Participant: 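Input: one structure, supplied below.
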Amino acid sequence: MSIATRWNRVCEEVAQTCIACGRDPREVQVIAVSKTVGEEGVAEAVGAGALNFGENRPDALLPKASAFPQVTWHFIGNVQSRRIPDIVSAASYIHSLYQAHHLEKANEAAAKLQKVQNILLEVNVSGEESKGGVSPQELRQLIELANQLPHLRLCGLMTMAPQGDKHIARACFDDLARLLNEVRPLISVENQPFFNELSMGMSEDWQEAVAAGTTMVRIGRAIFSDDFENDERQA
Ligand SMILES: *Cc1c(COP(=O)(O)O)cnc(C)c1O
């Protein structure tokens, strides 16, 4: 099956799941996570109509974003301080910020480029030690800092669910959706209109994320890998 066929199928399934949940399919953006493919793979997805792409390494983001400036690039990976200027130069959205000094550095880099950087804050809802993200308790402090950084536009929250159990994933996504509403009163007046995004759901758990209210699903293997369906069937 081709990338274009898989892209179309994923979009159709996401739309059908939205409708089954009583949601408008236009509320959910599918971000094609292209980290496992080269520019030919991106070109194929662009040709099929994909408008949003995600990358988790600056070294892959930069060349792809400059080769395909007509689509929107999302940085979803581990943020290293020294790469923040590069990431800010190429990404429309950064999903994976959660350290105070990284927020400050991203604000500085955006100021230099005279841009407003869209960001989401990554939250470690599950509390797994292996996962990045701020704890739900520390989120408030981070929001207060973001409110003071004029070149950052705080658009929402991101999380990764523990793998392997759909009920646990669903609970994790429900928690993030609840948190978005809980912290909304803390968001600055300027950012209030933008603070609507929930970046949650990947190839294995996007159905749970749609049911929980996600607005951005980050899907890699189900679009770009031949093996994904086989793995799912065996699982
Ligand atoms: C790779 C990756 C994804 C996509 O995962 P798949 O299981 O391939 O859909 C989503 N989010 C992040 C942060 C990733 O690193």
Side-chain angles (χ1 to χ4, degrees), residues 1-37 40-56 68 70-74 76 92-93 95-96 118 120 122-123 125-126 155-181 194-235:
M1 210 187 285
S2 69
I3 289 171
T5 304
R6 281 192 299 263
W7 162 259
N8 285 318
R9 207 173 64 173
V10 164
C11 288
E12 214 165 282
E13 287 174 1
V14 169
Q16 279 168 6
T17 305
C18 284
I19 291 164
C21 297
R23 300 189 60 198
D24 184 336
R26 286 171 299 189
E27 290 172 13
V28 181
Q29 281 184 3
V30 179
I31 298 173
V33 177
S34 50
K35 66 190 180 194
T36 58
V37 296
E40 328 75 54
V42 174
E44 199 178 332
V46 169
L51 297 170
N52 288 279
F53 287 82
E55 285 288 335
N56 68 342
F68 300 94
Q70 71 273 42
V71 298
T72 301
W73 289 91
H74 299 252
I76 61 173
S92 292
Y93 289 82
H95 292 229
S96 41
N118 296 311
L120 287 79
E122 182 172 355
V123 184
V125 176
S126 66
C155 298
L157 304 177
M158 180 271 225
T159 201
M160 311 243 295
Q163 288 178 319
D165 183 324
K166 299 203 174 201
H167 295 288
I168 293 174
R170 174 64 196 268
C172 174
F173 297 150
D174 282 339
D175 282 348
L176 193 73
R178 208 172 303 123
L179 206 51
L180 187 86
N181 283 326
F194 303 99
F195 192 74
N196 299 308
E197 307 294 347
L198 285 167
S199 169
M200 52 191 201
M202 320 197 331
S203 292
E204 272 168 23
D205 55 18
W206 63 259
Q207 287 94 342
E208 284 68 33
V210 168
T214 188
T215 65
M216 294 173 156
V217 289
R218 308 179 309 269
I219 300 187
R221 286 171 299 154
I223 297 168
F224 292 106
S225 163
D226 256 331
D227 303 331
F228 178 69
E229 293 153 53
N230 299 334
D231 292 351
E232 278 286 275
R233 247 178 248 125
Q234 282 158 19

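Each residue takes its place number in the sequence, starting with 1. Below, all heavy atoms of this structure are taken into account, side chains as well, without hydrogens, waters or symmetry copies. Since the structure is predicted, the reported quantities are computational estimates derived from the model, not experimental observations.
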Participant: Quick one: do L120 and Y93 satisfy side-chain contact (heavy atoms from CB on, under 4.5 Å)? Show the steps, please.
Facilitator: CA-CA 7 Å; L120 287 79; Y93 289 82; 4.0 Å; yes
Participant: Identify the heavy atoms of V123 and T159 that sit nearest to each other, and give their distance.
Facilitator: O-OG1, 2.7 Å
Participant: Between the side chain of T17 and the main-chain N/O of E13, is any donor-acceptor distance below 3.5 Å?
Facilitator: yes
Participant: How far does NZ of K166 sit from CD of E204, to the nearest 0.5 angstrom?
Facilitator: 7.0 Å
Participant: Answer yes or no: is there a donor N or O on one side and an acceptor on the other, between the side chain of T72 and the main chain of N52, under 3.5 Å?
Facilitator: no
Participant: Measure the CD-CD1 distance between Q29 and I219 for me, rounded to the nearest 0.5 Å.
Facilitator: 12.0 Å
Participant: For A161, is there any backbone N or O sitting under 3.5 Å from a side-chain donor or acceptor partner on S126?
Facilitator: no
Participant: In Å and rounded to the nearest 0.5 Å, what is the CE to CE distance from M200 to M216?
Facilitator: 12.5 Å
Participant: Check this for me: does any side-chain nitrogen of one of R178 and D174 sit under 4.0 Å from a carboxylate oxygen of the other?
Facilitator: no
Participant: Backbone N or O of L198 within a donor-acceptor pair of the T215 side chain at under 3.5 Å?
Facilitator: yes
Participant: Can you check whether V14 reaches P25 side chain to side chain, under 4.5 Å on heavy atoms?
Facilitator: no
Participant: If you apply the rule side-chain contact (heavy atoms from CB on, under 4.5 Å), what do you find for R218 with S199, and how did you get there?
Facilitator: CA-CA 7 Å; R218 308 179 309 269; S199 169; 2.9 Å; yes
Participant: Could you report the tightest heavy-atom contact between G41 and I3, atom names first, then the distance?
Facilitator: CA-CD1, 3.8 Å
Participant: Are the side chain of R221 and the backbone of T36 linked by a donor-acceptor contact shorter than 3.5 Å?
Facilitator: no
Participant: Which atom pair, heavy atoms only, marks the closest approach of A211 to C21?
Facilitator: CA-SG, 3.8 Å
Participant: With no hydrogens and no angle check, is any side-chain donor or acceptor of S203 less than 3.5 Å from a backbone partner on A222?
Facilitator: yes
Participant: Considering non-hydrogen atoms only, spot the tightest contact between F53 and V71 and give its length.
Facilitator: CD1-CG2, 3.6 Å
Participant: When rounded to the nearest 0.5 angstrom, what distance separates SG in C11 from CD1 in I223?
Facilitator: 6.5 Å
Participant: If we ignore hydrogens and angles and just use 3.5 Å, is the side chain of W73 paired with the main-chain N or O of F68 as donor and acceptor?
Facilitator: yes
Participant: Kindly give the heavy-atom pair with the smallest separation between G156 and L180, and that separation in Å.
Facilitator: CA-CD1, 4.1 Å
Participant: With sequence neighbours excluded, what pairs up with W206 under the ring-ring contact (aromatic ring centres under 6.0 Å, His included) test?
Facilitator: none
Participant: Nearest 0.5 angstrom please: H95 NE2 to H74 NE2, how far?
Facilitator: 5.0 Å
Participant: State the OG1-CD distance between T5 and E44, to the nearest 0.5 angstrom.
Facilitator: 8.0 Å
Participant: List the steps, then state whether side-chain contact (heavy atoms from CB on, under 4.5 Å) holds for M160 with I76.
Facilitator: CA-CA 11 Å; M160 311 243 295; I76 61 173; over 6 Å; no
Participant: Can you name the closest pair of heavy atoms from G49 and W7 and give their distance?
Facilitator: C-NE1, 4.0 Å
Participant: For atom CD of Q163, is the number of surrounding heavy atoms from other residues, nucleotides or ligands below 6.0 Å larger than 12?
Facilitator: no
